[in-house]
Amino acid sequence: MRWLNLEFGAASLLSLLVGCSGNTPMPMPVGAEGGPCTAGGGCDPGLVCLSRVCVRPPDSAMPSADGGAKGAGTGGNAGSGGRSGTGGHGGVGGNGGSASGDAAGSAPTGLCTGLPKDCGSYWEQSACLAVGCYWDNLVPNMPCVGTPWPCSHFTAPSSCDSVGCTWQAGTGPDASLGGAGGAGGTAGIDGTSGPGGRGGTGGITPTGGTKGTGGTKGTGGTKGTGGTKGTGGTKGTGGAGGAACANVVPCGGDVVGTWTVTSSCLTVTGDMDVASVGLGCPTVPVTGSLQVTGTWTANSDRTYTDETTTTGSIAFPLAPSCLSVSSALLECSRASIIFTALGWKTAACSTDASGQCNCSCTADQTGGIGAISPWASSSGRYATSGSRLTADDDVDYSYCVSANTLTLTPSPTNLPVTGTVALQKSGTSPGTGGMRATGGAAGAGGSTGAGGATAPAIRPCDIYAKDGGPCVAAHSTIRRLSSAYAGPLYQVRVGGSKSGTGGATADIGFLADGFADSAVQDVACGADPCTISIIYDQSGLGNHLTVAPAGGAKKTADNEANAKALPVTLSGHQVYGVRITPGIGYRNNQAVGTATGDNPETIYMVTSGDFYNSGCCFDYGNAETNNMDNGEGAAEAVYFGSCTIWNKGADMGPWVMADLENGLWAGDVSPYEKNTPVAHKFVTGMVKGDSKSTTYPDGHWTIKAGNAQSGLLTTPFDGPRPNARYSPMRKEGAIILGIAGDNSSAAQGNFFEGVMTAHYSSHAADDAVQAGIVAAYGQ
């Protein structure tokens with residue numbers, strides 16, 4: 001994903017002419033200098049219409065290299081002084097009579113003359129104005145970022161902003177062309193004394209330039225003075241380091257029991273990993289501290305209950321190189337959404353007087369003892385090995401049990417935490433043997449298999465095949481999606497690494513009614529760490545999903561999902577979905593049969609309306625084959641979440657949107673108010689892309705959304721592509737799950753099933769698919 005270049009109209013040009021940025025200028029009359037006009041004309045005499053704004057013709061509007069001679073006053077009043085080059089204007093004469101004209105100065109070299117070739121080096125949509133050439137789009141691969149280059153050929157007060165390099169009215173592009181100060185007006189004959197001339201600004205040279213001399217004082221007037229040189233900003237000081245907290249001396253031991261936190265000393269100092277969430281830099285220097293209170297219970301069956309609360313705060317700067325997400329330029333104030341996506345309760349980023357972006361985050365997290373993360377849980381499974389304790393295969397701890405004291409040091413992968421949490425054992429450990437006995441109830445497969453819960457007779461891929469667009473990909477850990485498919489639904493890895501190596505594997509098939517045979521997973525995984533290593537493709541084309549490799553945004557490979565993290569009960573079956581948290585993602589870059597170029601496709605997925613974040617990007621669908629951001633239109637996927645980095649729907653989300661690369665789109669404009677938040681327990685999200693045609697010369701696409709447990713799909717958007725950058729589309733045909741096309745992996749979400757076709761499906765087929773989804777998820 002990458003930030004879209006800004007586009008400006010007449011209002012932006014007007015603001016440039018009056019030298020303001022971010023403030024609304026006074027409205028100018030139609031046809032007057034600086035006022036609006038049309039391409040065909042409509043300006044007062046002596047003016048021309050350029051980019052819908054009336055300006056003086058370039059030759060006459062250019063600042064003179066040399067001030068003109070002062071005109072002689074008639075009727076007792078001196079004429080106004082000649083207009084200098086980059087110097088200031090001369091003073092105005094007395095009020096006795098009218099002024100006569102002054103001699104025009106010679107035009108300097110280097111300014112544009114209105115011809116396209118004069119602005120040709122400034123990229124598209126450049127314009128030749130009275131102040132010279134400017135452009136309102138970034139130069140490809142060379143956007144200015146606040147440094148003099150590539151603005152060095154502009155003279156101060158040029159500025160580097162979101163539209164590139166610009167200079168303000170009254171300055172030229174050549175540092176050597178500073179004009180002399182204008183001559184002050186003389187007193188009018190028999191008139192009132194005129195005010196003194198205003199000092200001209202000096203020409204700006206590469207070495208600072210000499211200030212222009214003030215104008216000659218008119219009789220009774222006051223001599224103008226030059227401007228005061230500004231002082232430089234004060235260099236900021238570094239943050240103070242936090243208090244030292246020593247790590248535990250690990251010794252292992254038996255953790256079974258209920259433990260109450262008696263003290264905690266956790267310091268956050270060092271480099272925080274932010275590359276995993278797609279920021280443009282790998283780490284940022286962070287300082288802060290965390291505190292833990294509450295109780296933590298470990299049962300003998302390797303389950304735990306976490307009733308702790310972790311609070312605290314951190315602070316850190318973001319360098320300019322960090323301010324991008326998935327290659328999209330990001331304003332400092334908007335960077336906070338990245339850190340709330342990482343599990344922090346609040347986050348705020350702002351720019352100080354020196355231009356430095358500084359951020360702070362606060363924590364108030366239930367569960368996940370001492371480790372801030374988006375997947376912190378109040379219950380789950382734990383494992384111990386030597387002096388290492390792991391909760392849900394996600395957070396590691398070094399630990400030591402000595403007498404009735406348990407001491408932990410959390411070791412999160414992205415946060416530099418040192419110190420300990422000390423807990424005191426209270427009471428006796430819960431009798432968990434009974435809980436083991438209840439395993440029989442969970443395994444009472446008779447109720448699971450005997451109910452014969454009615455699954456839909458016609459499955460999604462059957463429906464789309466009859467509609468003329470058979471599935472080219474079909475993925476689910478919940479149920480069978482094609483009546484022709486006879487293979488396993490997914491594979492689990494037992495005892496291996498989260499990155500997708502080692503351990504033993506087991507395939508998970510389906511029962512007679514099509515739901516996953518999760519009892520096989522329960523037996524295979526037991527109390528051991530267990531991940532989802534393959535999500536098999538049910539289309540028959542072999543487009544299976546495995547862990548995603550490194551990409552342009554996240555430079556390392558992703559992790560596999562915890563196979564035990566998302567149990568749900570559907571139609572009397574306990575089955576497992578795929579819980580995606582930051583750093584987890586799946587991909588197939590060698591998919592066959594998927595839509596490419598501007599060819600049509602239909603994509604849907606079933607997700608959860610109560611587990612999402614604002615990170616980029618929880619996608620399922622079509623993406624680049626090289627794990628990079630290849631520009632607008634290279635991807636087309638269903639997105640679910642509340643990310644607003646590019647565009648948004650109504651209110652605060654979450655929304656079903658389309659990831660079309662370099663933009664999450666809720667419609668063809670932002671905000672798109674017809675795309676309203678979707679908050680059902682299970683959500684159906686659908687994106688359909690069509691080819692350009694005589695009916696849709698600008699391309700065509702559709703978003704549909706609905707409750708996966710009842711009702712029909714709604715259609716928040718059905719219309720043309722957002723802009724010409726997406727028409728025609730340039731889809732590449734890879735398949736992604738839980739990440740963006742460039743491996744941006746800061747998002748979270750739950751995935752239950754998804755289908756892709758190479759066909760723009762009919763509304764009737766979509767309705768039939770939704771009916772089948774409701775039949776499966778509504779019980």
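What you are looking at is a predicted structure, and each value in this text was computed from that prediction instead of being measured.
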>> Taking Ala561's backbone N and O only, do any of them form a donor-acceptor pair with Arg579's side chain (distance below 3.5 Å, no angle check)?
In response: no
> Taking only residues two or more places apart in sequence, or in another chain, which ones meet Cys349 in a disulfide bond (SG atoms under 2.5 Å apart)?
Replying inline: Cys359
> Excluding sequence neighbours, so at least two apart, what forms side-chain hydrogen bond (donor to acceptor under 3.5 Å, both in side chains) with Ser387?
Replying inline: none
>> Is a donor from one side chain sitting under 3.5 angstrom from an acceptor on the other, for Asn627 and Asp742?
In response: no
> Under 30°, 30 to 60°, or over 60°: which ring-plane class applies to Phe682 and Tyr777, parallel, tilted or perpendicular?
Replying inline: tilted
>> Just verifying a value: how many Å separate Trp665 CH2 and Ile703 CD1, rounded to the nearest 0.5 Å?
In response: 11.0 Å
>> When you compare the side chain of Val286 with that of Thr269, does any pair of heavy atoms fall below 4.5 Å?
In response: no
>> One pair to check against ring-ring contact (aromatic ring centres under 6.0 Å, His included): Tyr672 and Phe717. What are the steps and the verdict?
In response: CA-CA 9 Å; Tyr672 191 77; Phe717 179 81; 5.4 Å; yes
>> So Tyr586 and His475, do their side chains get closer than 4.5 Å, heavy atoms only?
In response: no
>> Are Arg388 and Asp396 packed together at the side-chain level, in the sense that at least one heavy-atom pair is separated by less than 4.5 angstrom?
In response: yes
> Do we see a donor-acceptor contact under 3.5 Å between the side chains of Lys674 and Thr676?
Replying inline: no
> Considering the options Leu660, Leu664, Asp659, which one meets the side chain to side chain contact (heavy atoms under 4.5 Å, CB included) requirement together with Trp646?
Replying inline: Leu664
>> Using every non-hydrogen atom in the two residues, find where Cys643 and Trp655 come nearest and quote the distance to one decimal.
In response: O-CZ3, 3.9 Å
> Can you name the closest pair of heavy atoms from Val656 and Asn675 and give their distance?
Replying inline: O-ND2, 3.0 Å
> Atom OG1 of Thr546 and atom CG of Asn588: how far apart are they, to the nearest 0.5 Å?
Replying inline: 6.5 Å
>> Tell me if a side-chain donor or acceptor on Thr407 pairs with a main-chain N or O of Ala422 at a distance below 3.5 Å.
In response: no
Can you list, pair by pair, the side-chain donor-acceptor contacts under 3.5 Å of residues 603-616, counting residues two or more places apart and other chains?
| unit_1 | atom_1 | unit_2 | atom_2 | d |
| --- | --- | --- | --- | --- |
| Tyr604 | OH | Glu753 | OE2 | 2.6 |
| Thr607 | OG1 | Asn750 | O | 2.5 |
| Ser608 | OG | Asn750 | ND2 | 3.1 |
| Asn613 | OD1 | Gly615 | N | 3.0 |
| Asn613 | OD1 | Gln748 | N | 3.3 |
| Asn613 | ND2 | Ala341 | O | 3.4 |
| Asn613 | ND2 | Ala746 | O | 3.1 |
| Ser614 | OG | Ile337 | O | 3.2 |

>> Applying side chain to side chain contact (heavy atoms under 4.5 Å, CB included), can you list everything that pairs with Asp306, at least two apart in sequence or on another chain?
In response: Trp296, Tyr304, Thr308, Ile369
> Which atoms form the tightest heavy-atom contact between Pro317 and Pro285, and what is the distance?
Replying inline: CD-O, 3.4 Å
> By salt bridge (charged side-chain N to carboxylate O under 4.0 Å, His left out), which residues pair with Arg493, not counting sequence neighbours?
Replying inline: Glu560
> Do the side-chain sulfurs (SG) of Cys357 and Cys322 come closer than 2.5 Å?
Replying inline: no
> Taking the side chain as C-beta and beyond, is there a heavy-atom pair between Ser264 and Leu290 under 4.5 Å?
Replying inline: no
> Under the criterion side chain to side chain donor-acceptor pair (under 3.5 Å), which of Thr297, Thr366, Thr258, Thr295 is the partner of Glu307?
Replying inline: Thr295
>> On a heavy-atom basis, which atom in Asn743 and which in Thr556 lie closest, and how many Å separate them?
In response: ND2-O, 3.4 Å
> Taking it one step at a time, do Met272 and Ile314 satisfy side-chain contact (heavy atoms from CB on, under 4.5 Å)?
Replying inline: CA-CA 10 Å; Met272 179 170 64; Ile314 58 172; 4.1 Å; yes
> Which pairs, with at least one residue in residues 338-349 and sequence neighbours excluded, count as a side chain to side chain donor-acceptor pair (under 3.5 Å)?
Replying inline: Thr346-Thr362
> Looking at CG of Leu323 and CZ of Arg334, how far apart are the two atoms once the value is rounded to the nearest 0.5 Å?
Replying inline: 12.5 Å
> With sequence neighbours left out, what residues match Ser333 under side chain to side chain contact (heavy atoms under 4.5 Å, CB included)?
Replying inline: Glu331
> Side chain of Gln424, backbone of Val261: donor and acceptor closer than 3.5 Å?
Replying inline: no
> Got a sec, which residues hit side chain to side chain contact (heavy atoms under 4.5 Å, CB included) with Thr351, two or more places apart in sequence or on another chain?
Replying inline: Cys332
>> I'd like to check Leu545 versus Arg587 (side-chain heavy atoms, cut-off strictly below 4.5 Å). Are they in contact?
In response: no
>> Going by side chain to side chain contact (heavy atoms under 4.5 Å, CB included), name the residues that satisfy it together with Ser497, two or more places apart in sequence or in a different chain.
In response: Ser499, Thr501
>> side-chain contact (heavy atoms from CB on, under 4.5 Å), that's the test. Do Val421 and Leu266 meet it? Break it down for me.
In response: CA-CA 7 Å; Val421 180; Leu266 297 176; 3.8 Å; yes
> Between the side chain of Lys554 and the main-chain N/O of Gly551, is any donor-acceptor distance below 3.5 Å?
Replying inline: no
> How would you list, by chain and number, every residue that makes a side-chain hydrogen bond (donor to acceptor under 3.5 Å, both in side chains) with Thr384, sequence neighbours excluded?
Replying inline: Arg302
>> Under the rule for side-chain hydrogen bond (donor to acceptor under 3.5 Å, both in side chains), what residues qualify as partners of Gln356, not counting sequence neighbours?
In response: none
> Is there a donor-acceptor contact under 3.5 Å from the side chain of Tyr620 to the main chain of Gly754?
Replying inline: yes
> Thr714 side chain to Ala705 main-chain N or O, any donor-acceptor pair under 3.5 Å?
Replying inline: yes
> If only atom types and distance count, is the side chain of Ser321 paired as donor or acceptor with the main-chain N or O of Cys281 below 3.5 Å?
Replying inline: no
> Among all residues two or more places apart in sequence or in another chain, which pass the salt bridge (charged side-chain N to carboxylate O under 4.0 Å, His left out) test with Glu624?
Replying inline: none
> Between Trp259 and Thr405, what is the shortest heavy-atom contact and its length?
Replying inline: CZ3-C, 3.8 Å
>> Walk me through whether Thr531 and Val492 qualify under side-chain contact (heavy atoms from CB on, under 4.5 Å).
In response: CA-CA 5 Å; Thr531 60; Val492 295; over 6 Å; no
>> Could you check whether any side-chain N or O of Ser670 sits under 3.5 Å from a backbone N or O of Asn647, counting only pairs where one atom can act as donor and the other as acceptor?
In response: no
> Going through the distances and angles, do Asp271 and Val284 end up as a side-chain contact (heavy atoms from CB on, under 4.5 Å)?
Replying inline: CA-CA 5 Å; Asp271 290 333; Val284 296; over 6 Å; no
>> Under a plain distance cut-off of 3.5 Å, with no hydrogens placed, do Asn626 and Asn589 share a side-chain donor-acceptor pair?
In response: no
> Taking atom types as modelled, is there a side-chain donor on Thr293 or Gln291 under 3.5 Å from an acceptor on the other?
Replying inline: no
> Can you name the nearest heavy-atom pair linking Ala637 to Val687, along with the distance?
Replying inline: O-CG2, 4.1 Å
> Is there a donor-acceptor contact under 3.5 Å from the side chain of Ser476 to the main chain of Ile478?
Replying inline: yes
>> Strictly distance-based, threshold 3.5 Å: is any side-chain N or O of Tyr382 a donor or acceptor partner for the main-chain N or O of Asn299?
In response: yes
